[in-house]
Every structure is written in C-alpha cells, then in structure tokens.
Amino acid sequence: VKEPTYYINTKFVPKSKAYVHVNDLGFLRGYGVFDFLVTYNKKPFLLNKHVRRLFNSAEQIGLKIPCRNQEMTSLINKCVRKNTRFRELAIKIIITGGISKDGLTPSDTSTLAILTNQRKKLPGKLYKEGAKVITVDIQRDIPTAKTLNYTNAVYSMKLARKASAVEAIYIDKKEDVVYEGTTSNLFLVKKSKIFTPETDILPGVTRELVISLAKKHFKLETKKISFRQLITADEVFITASNKEVLPIVKVDRNKINGEAPGKVTKKIISEYKEYINTGKW
Ligand SMILES: Cc1ncc(COP(=O)(O)O)c(C=O)c1O
C-alpha cells in the first residue's frame, strides 16, 4: 500500500494513523500557521525560505515555535527521506497552539505536523491555453501571515469551481484594490512592464523568485493595482509553489490578450523552469 508517512509531535506515523486532539487550538479556534512547498528531484524547493516564512507567520500571531530553524529544516528533510517511494512530494508543515485547557490559552507545547503527500499538478493544458479566474470582494484577515484560517479561501474556491475558474482573486471593491489569489500571488503585464501588488498580501516564495527572474529581462514595479488595471492588462499570471507560473486569460467575463497566454508570461515560465533545472537552490 502506498501510504505516506507523516510526522506528528515527535513521531513518524502512517497517514491513516495521524491524529491531533479535538482540544487542539488549531481545531478549536483555527489558532495556528502553516507553510507549503514541493520537491523537484525529491529535493524540497527553496526550503529555507519556506521555513523562514513559517516562523515569521508564527511570530505574527504570537505562536510559540516548537523548534529552531535548523531543526525544522532537518526534520522536513527527514520526512522527505521517509517518503522516497513517491516521485515528487507536496509538503505541508503545520504548527498550532497545541492542546488547550480552557479553549483559549495556548499550550506550552505547540503541535507540529509535517504532512508529505504525492504531489499533484494542474493539467498541462492550462499552462498552454491559459486559465480563468474570478474575483471576489473578500479580504484575508492577517494577509502577511499564512494562518490556518482559510475559511475565505474554501468559500471563494467553491464559487470559482462553479464558474470553471482555477482560482479566486481577493479584491476590495470599495477601495478598488486587487490583492492575491486564495493560494497564489498575482502579476500583470502592461506595455511589456510587469506589475504586482505590494502590500497586504502573503509574501509568496514563488512571487519573490519570479520578481528576481523577471527583473533580468523586464521592468517590474510592485504597487497598488486597481480592478480596471487588472481587466485591461495585456497579460495576467498567477504564481504559487504548486501552480508555479500559470497564465490567466480570463478574469470574470473579461478576456485577457484575446484569451491566449502572452509573450512575457511565456518567457517567465521558461525562466522559472530553467531556474528549477539548475538544481542550485
Ligand atoms: C494567500 C496566499 N497567497 C500566495 C500564495 C503563494 O505562495 P507561495 O508562492 O509561497 O506558494 C499562497 C500559497 O499557498 C497563499 O496561500
């Protein structure tokens, strides 16, 4: 049986035996943080950056970190080695406030779980032909932290699937600001220049890499983006650890670039692949 091995609170256990207590603050109150990354050639991609962001998320909500940065890194690597029977992995690291006595006070021992599953990719067709997104007038609570509260994401993705879209983009209609996807960051291209929102978003690891790769070939600016700027863009793409760089050709009912992936997006996709293939990360 191909069952992944998870790590939960000092133990490696098969997925079917991986449980947390019902009085865990993550379950009771959604008090916790997580991070997500994938492997290439069985090596975790930009692991240090993900661990750093995980700890930064924890710090933002005052959550006790269960171990040091170095320990976390080696623990994740150990978990990967216990799952080599899978070609590539999707890794989710979760830290919660632990088992609470009164349902509100975090425990001295945070819960730590590392979930390693076989990586699932989006259909290749979406990368060749481009995908659709919808916009939702919803904002994330503590946008710079990857907290466990993804209620808005679950709700918004239900609407997205109904509209045959791959992602929902959070916007603020009243303030006219475009933020990010439920699990991705957003970029647009106008007159060969690249733009991406700057504040009140999750600092995506893929976003950061794409920014540095893009700057070698294009002008790039991080700034506030309006809804109109989004739907009148020459090109749109989203980035995320699992999705990588995905061309967006429709935003709600608005076609982008005649519903075809654009030149700049294609260049970024090839640069991203090239960077992965170097293996030097
Ligand atoms: C809200 C949000 N924004 C952006 C991202 C993309 O981040 P990354 O590129 O580090 O995967 C994610 C990832 O899941 C996310 O949840």
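Numbering of ligands and ligand atoms starts at 1, following listing order.
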Contacting atoms of ligand 1, where contact means under 4.0 angstrom from a heavy atom of L202 | 2 (C), 3 (N), 4 (C), 5 (C), 12 (C), 15 (C)
Does ligand 1 have an atom under 4.0 Å from some heavy atom of K49?
-> no
Under 4.0 Å from one or more heavy atoms of A240, ligand 1 contributes atoms 9 (O), 11 (O)
Numbered in order shown, the ligand 1 atoms found under 4.0 Å of a heavy atom of G181 are 1 (C)
Residues T206 and E244: side-chain donor-acceptor under 3.5 angstrom = no
Are more than 12 heavy atoms from other residues, nucleotides or ligands located less than 6.0 Å from atom CG of N41?
-> no
Mind checking whether E208 has a heavy atom under 4.0 Å from ligand 1?
-> no
Is there a side-chain contact between K190 and D234, using heavy atoms and a 4.5 Å cut-off?
-> yes
Does atom NZ of K263 have more than 12 heavy-atom neighbours, drawn from other residues, nucleotides or ligands, at distances under 6.0 Å?
-> no
More than 12 heavy atoms from other groups under 6.0 Å of CZ on F27 = no
Of the choices L37, T183, N242, which has the non-hydrogen atom that lies closest to atom 15 (C) of ligand 1?
-> T183
Pair R53-D35, salt bridge (Lys or Arg N to Asp or Glu O under 4.0 Å): steps then yes or no = CA-CA 8 Å; R53 182 175 66 185; D35 217 285; 2.8 Å; yes
Take R140 and N152 through the side chain to side chain donor-acceptor pair (under 3.5 Å) test and state the conclusion after the steps.
-> CA-CA 7 Å; R140 289 175 62 234; N152 288 341; over 6 Å; no
Provide, to 0.1 Å, the distance between atom 14 (O) of ligand 1 and the closest protein heavy atom, together with that atom's residue and name.
-> K146 NZ, 2.6 Å
Return the residue, atom name and 0.1 Å-rounded distance of the protein heavy atom closest to atom 3 (N) of ligand 1.
-> E180 OE1, 2.7 Å
Is there a donor-acceptor contact under 3.5 Å linking the side chains of R52 and N69?
-> no
Say whether T182 and ligand 1 are in contact under the criterion: heavy-atom distance to a ligand atom below 4.0 Å.
-> yes
Which residue supplies the protein heavy atom nearest to atom 6 (C) of ligand 1, what is that atom called, and how far is it?
-> N185 OD1, 3.7 Å
Can you tell me if S100 and D102 form a side-chain donor-acceptor pair at under 3.5 Å?
-> yes
Quick one: nearest non-hydrogen protein atom to atom 9 (O) of ligand 1, plus distance?
-> T206 OG1, 2.6 Å
At under 4.0 Å between heavy atoms, what of V205 touches ligand 1? The answer is both
Taking the inter-plane angle between the rings of F237 and F187 on a 0 to 90° scale, is it parallel (under 30°), tilted (30 to 60°) or perpendicular (over 60°)?
-> parallel
Is there side-chain contact between I268 and V210, with at least one heavy-atom pair below 4.5 Å?
-> yes
Can a non-hydrogen atom of P143 be found less than 4.0 Å from any atom of ligand 1?
-> no
Atoms of ligand 1 under 4.0 Å from any heavy atom of G204, numbered from 1 in the order shown, are 7 (O), 8 (P), 9 (O), 10 (O)
Nearest to atom 16 (O) of ligand 1, what protein heavy atom do you find, and at what distance?
-> Y150 OH, 2.6 Å
By number and element, which atoms of ligand 1 are closer than 4.0 Å to a non-hydrogen atom of R53?
-> 7 (O), 8 (P), 10 (O)
Starting from atom 11 (O) of ligand 1, find the nearest protein heavy-atom neighbour and note its residue, name and distance.
-> S241 OG, 2.7 Å
